[in-house]
Amino acid sequence: MNRPARITLDEWEARYRQLMRQGLNEPPGGGPLSRHVRDGDTRLRRLRFDNSPAALALWNLLLSENDRLCEHKQQGKKIVAAMKDLGTVPVMALAFERLTTFYPDGAWWTPCLMEQNEGLFELAERHGLDESFCPVRAMLGAFLNGEHFPRPDLLISSAGAVCDDFAAIAQRLEHMGFAVRWWEIPRRRTPALDEPAVTLPTGFIAPRAQVDFVRRELQAVARHLETAAGSCLTDAALAAAIGKSNEFRRVLDDLRQLVYTAPAAPLGSLEMLIAEMLALHFCSDYDQALIVLQNLLHEVQTRIAQKAGVLSPHAARVFWINPVADLRAMNLLEECGGRVCGTDYLFAHALDPIPEAVAPFEALARTALADPMVGAASDRAERIVRDIRRFGAEGVILSRIPGASHCAAEGAVIRDVISQTTGLPAVEIEIPTLCDAAAPAIRTRLEALIETILKRRQP
Amino acid sequence: MNVYCTCPSVPPELIAACGHEPVRLVPARPLRPALRLEGMCPFALAWLETLLHRPDRDESLCVFTTACDPMRRACDLYNQKAPRPAFLLNVPSTTTPNAFDYYRGELVRLRDFLCMDAKAPFDEIKLDAANQPSNEPTGKLNLALLGGPLPAPLREQIDRLLIPSRAVVRLDATEGRLAAPAPDPHEIDPLTRLARRYFAIPAIWRRPNDPLFAGFAAQIEQNQIDGVLLLRYIFCDLWHSSAAEFKRRLPVPLIEIDLDGGETLTASAVSRIEAFVEAMSR
């Protein structure tokens with residue numbers, strides 16, 4: 001049982017008992033995974049999990065976030081809902097002791113985890129957001145019924161170069177009585193030849209005028225955070241928060257490098273997806289999230305040293321683009337003989353280090369503007385190509401999010417760039433919120449890609 | 001040369017002041033479209049196809065804006081395929097002073113781009129040309145149109161559908177149909193005057209977009225409107241999500257009509273309009 005493996009929820013019951021007998025020391029929020037099923041997260045019954053204590057802590061951290069938010073609210077902390085920017089506002093909020101930030105966007109997974117028994121899509125539809133919108137419409141339902149997170153004290157949403165689904169849903173929220181503080185992220189453009197320019201953390205280049213604009217926007221956001229927290233934000237405090245974020249990003253980068261380049265995958269793609277998501281807002285508990293991540297890294301290092309993996313060393317190495325609405329899709333890839341070696345889950349800018357050699361607001365502005373989603377799809381594709389080469393991927397999956405406005409057009413551009421620069425096979429697959437009915441068709445496409453990859457290995 | 005645009009946030013006055021001919025296009029998709037991108041707004045596709053295949057492609061310019069995601073993506077696709085890149089005007093969604101300054105800066109950038117190909121000096125006086133609002137008739141039943149850009153053939157088809165019940169389109173508030181406000185005589189700088197006019201146009205993609213709802217409600221009252229047709233392209237999240245709020249705020253009935261980007265309304269759309277008008281006539 002101690003050998004690395006991916007196991008079912010039922011197998012985790014026995015595994016948990018074994019770990020407890022072995023003296024497992026759990027962090028706050030620990031316990032068997034099965035209790036989350038009793039709370040309504042029935043999708044866990046259909047997933048395969050890593051069997052390490054580190055993975056157990058990861059899942060418990062993720063699935064206990066609502067409890068944590070309620071507890072923080074009871075303790076008198078102010079709850080800040082950061083929306084859409086994926087990785088910038090929480091860094092600022094980290095500088096305030098009295099603030100806890102989370103992304104209500106994350107409610108998009110609730111219909112998956114609860115297998116649509118929670119009624120969020122139906123609630124959204126009753127208020128004008130039907131299935132033509134992407135699954136993030138569940139966020140509206142979650143705000144309305146108040147059953148998945150406490151009502152935030154402050155809502156901050158980016159606008160401008162953001163996907164229309166989210167822009168529409170956030171505006172609908174405001175119309176329904178939830179006051180939103182908007183800030184603008186402009187569509188990043190290439191500077192003119194004679195125009196002052198700045199190199200951003202992801203390697204893109206932007207005009208100085210755009211960086212200055214975003215810096216002023218973030219300074220305005222900071223004023224809202226100060227009002228909520230009842231204290232001022234100094235440059236020193238923000239710099240310290242950036243330092244903490246970077247520490248987290250360094251550990252995550254080490255984890256990604258090890259997992260995605262190891263001969264045999266030491267950790268499955270589902271746990272890696274969750275681990276990467278932690279970078280966005282540290283799951284509302286920075287200290288605990290860092291410990292969880294460090295323990296995952298330690299587990300991976302141990303497994304690599306022991307030449308132990310959870311998948312075949314011959315698994316096809318796949319770069320995965322876009323997060324999946326159904327977590328089970330990550331298991332499906334592995335069941336078909338693939339493994340994830342590289343990702344772009346729509347927030348690459350939240351993985352790169354934030355510059356520490358410049359003033360903190362300047363640093364955050366550069367980071368926000370470095371978001372691959374706010375620029376041309378070809379920019380995003382070039383960043384993906386760099387990571388494909390870094391991690392040695394052999395094929396690419398573009399996962400389409402049902403109803404998402406950006407997926408319709410960017411896939412064509414990204415596929416073209418990947419094909420022209422790497423020659424790697426790529427396939428687009430739409431993953432619905434519950435992919436069970438579509439699983440045979442999804443498997444067929446996954447298997448086709450994997451067979452192509454394996455064939456290309458032959459001399 | 002011709003400068004093609006479609007978004008109401010691109011001031012034709014600026015194009016004219018740079019010595020070019022502003023051409024506002026609101027195209028429909030041909031029967032056999034060349035581009036097939038599943039899930040993409042059909043209007044954005046129609047616009048893209050029209051620009052890629054326009055006969056004067058080598059002797060004209062085009063301007064996209066960042067008003068919505070499909071248009072931003074359409075610009076990416078255009079630049080991938082066209083010999084000369086389009087100009088992408090960054091139009092802020094928010095309306096703060098910081099956003100206004102940014103928009104003004106974008107108009108400066110557009111001016112400089114257009115002047116590179118200008119054959120005449122920049123004519124500042126043309127920046128103050130005021131739009132003429134269109135005069136619509138009154139009828140037994142006065143309707144308003146709201147929603148995405150409406151190609152002329154569809155507007156004509158709607159007008160014909162209304163004839164039997166003596167209904168008319170009294171107010172066309174689809175994108176691009178409402179005139180920008182008149183120039184502010186107290187603003188000294190001509191480009192700033194122009195920027196303020198176009199920045200003030202309420203739009204579905206503004207955040208927040210309450211001025212659009214308030215302004216439209218006022219026009220409903222001024223024009224004694226009896227009902228509203230909300231014409232939205234399939235896959236257009238911005239207009240689709242607004243329907244419930246319009247219904248809540250407006251004192252008159254509203255019906256949503258899907259547009260698939262074609263040169264005629266779908267049979268379903270025709271039935272819905274006829275039924276709506278018939279119900280209101282009784």
Side-chain angles (χ1 to χ4, degrees), chain A residues 126-130 132-134 137 157-172 174-176 180 182-190 192 195 207 209-210 213 216-217 219-220 374-379 400 402-413 416-417 430, chain B residues 35-41 44-45 48 65-77 79-80 85 88-99 101-102 105-106 109 112-113 204-210 213 234-249 256:
Chain A
R126 282 210 293 278
H127 293 278
L129 303 179
D130 59 22
S132 68
F133 292 85
C134 96
R137 69 188 186 276
S157 181
S158 58
V162 304
C163 69
D164 282 356
D165 298 81
F166 200 92
I169 294 164
Q171 179 62 82
R172 193 82 191 95
E174 190 177 50
H175 286 155
M176 299 187 75
V180 176
W182 304 97
W183 66 279
E184 185 97 28
I185 183 77
R187 202 265 197 191
R188 186 184 62 246
R189 61 175 173 84
T190 306
E195 190 176 11
Q210 285 197 318
F213 173 77
R216 287 190 292 268
E217 290 292 295
Q219 284 166 332
V374 312
S378 53
D379 280 358
R400 286 180 66 123
S405 60
H406 61 93
C407 289
E410 68 170 359
V413 175
D416 279 352
V417 171
E430 183 162 295
Chain B
L35 291 171
R36 290 185 189 281
L37 288 170
E38 189 191 328
M40 186 150 173
C41 167
L45 273 177
L48 177 61
T65 73
T66 58
C68 66
D69 205 16
M71 278 299 185
R72 291 194 292 272
R73 306 287 172 183
C75 188
D76 288 348
L77 289 168
N79 288 339
Q80 209 185 27
L88 181 62
L89 182 73
N90 205 320
V91 187
S93 296
T94 54
T95 53
T96 60
N98 193 29
D101 289 343
Y102 188 79
E106 283 292 286
R109 202 169 64 86
D112 294 345
F113 171 82
I204 196 67
W205 39 266
R206 289 263 190 239
R207 291 296 175 266
N209 62 11
D210 287 297
F213 291 86
I234 54 174
F235 310 127
C236 177
D237 296 324
L238 298 179
W239 280 109
H240 188 23
S241 64
S242 71
E245 187 64 11
F246 275 113
K247 285 177 184 171
R248 188 181 74 82
R249 295 204 201 193
E256 281 182 86

Drop me the distance from [X]'s [atom1] to [Y]'s [atom2], to the nearest 0.5 angstrom.
X: E410(A); Y: R73(B); atom1: CD; atom2: CZ; value: 4.5 Å
X: C407(A); Y: D69(B); atom1: SG; atom2: CG; value: 9.5 Å
X: F213(A); Y: D101(B); atom1: CZ; atom2: CG; value: 9.0 Å
X: R216(A); Y: T96(B); atom1: CZ; atom2: OG1; value: 9.5 Å

Exercise. List the steps and the verdict of side chain to side chain contact (heavy atoms under 4.5 Å, CB included) for S241(B) and F133(A).
Key: CA-CA 9 Å; S241(B) 64; F133(A) 292 85; 3.7 Å; yes

Tell me, out of [options], who's got the most heavy-atom pairs with chain B below 4.5 Å.
options: A159(A), C163(A), A167(A); value: A167(A)
options: L129(A), D130(A), I185(A); value: D130(A)
options: A220(A), G160(A), G128(A); value: G160(A)

Any idea which heavy atoms bring [X] and [Y] closest together, and the distance?
X: S132(A); Y: D237(B); value: O-OD1, 4.0 Å
X: T94(B); Y: W183(A); value: CG2-C, 4.4 Å
X: R72(B); Y: D164(A); value: NH2-OD1, 4.5 Å

Exercise. Identify which part of R137(A) has an atom lying under 4.5 Å from any heavy atom of chain B, answering side chain, backbone, both or neither.
Key: neither

Quiz item: Measuring heavy-atom distances to chain B, does V180(A) have an atom under 4.5 Å in its side chain, in its backbone, in both, or in neither?
Solution: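 The answer is neither part of V180(A).
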
Taking side chain as everything from C-beta outward and backbone as N, CA, C, O, which of these in [X] sits under 4.5 Å from a heavy atom of chain A? Side chain, backbone, both or neither.
X: L45(B); value: neither
X: E256(B); value: neither
X: N98(B); value: both
X: S242(B); value: neither
X: E245(B); value: both

At a heavy-atom distance under 4.5 Å, which candidate from [options] has the highest pair count against chain A?
options: A44(B), C41(B), C68(B), G39(B); answer: C68(B)
options: A244(B), C236(B), A243(B); answer: A244(B)
options: H240(B), R249(B), M40(B); answer: H240(B)

Quiz item: Stepwise, does the salt bridge (Lys or Arg N to Asp or Glu O under 4.0 Å) test hold for R187(A) with D76(B)?
Solution: CA-CA 12 Å; R187(A) 202 265 197 191; D76(B) 288 348; 2.4 Å; yes

Quiz item: With no hydrogens and no angle check, is any side-chain donor or acceptor of R207(B) less than 3.5 Å from a backbone partner on S157(A)?
Solution: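 No.
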
Does the side chain of [X] reach to within under 4.5 Å of the side chain of [Y], using non-hydrogen atoms?
X: Q210(A); Y: N90(B); result: yes
X: P208(B); Y: Q171(A); result: yes
X: N209(B); Y: H175(A); result: yes

Quiz item: Is there a side chain to side chain contact (heavy atoms under 4.5 Å, CB included) between R109(B) and R189(A) once you walk through the steps?
Solution: CA-CA 12 Å; R109(B) 202 169 64 86; R189(A) 61 175 173 84; 3.3 Å; yes

Self-check item: Residues E184(A) and Y102(B): side-chain donor-acceptor under 3.5 angstrom
Solution: no

Quiz item: For atom CD of E38(B), is the number of surrounding heavy atoms from other residues, nucleotides or ligands below 6.0 Å larger than 12?
Solution: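 Not buried by this count: 12 neighbours or fewer within 6.0 Å.
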
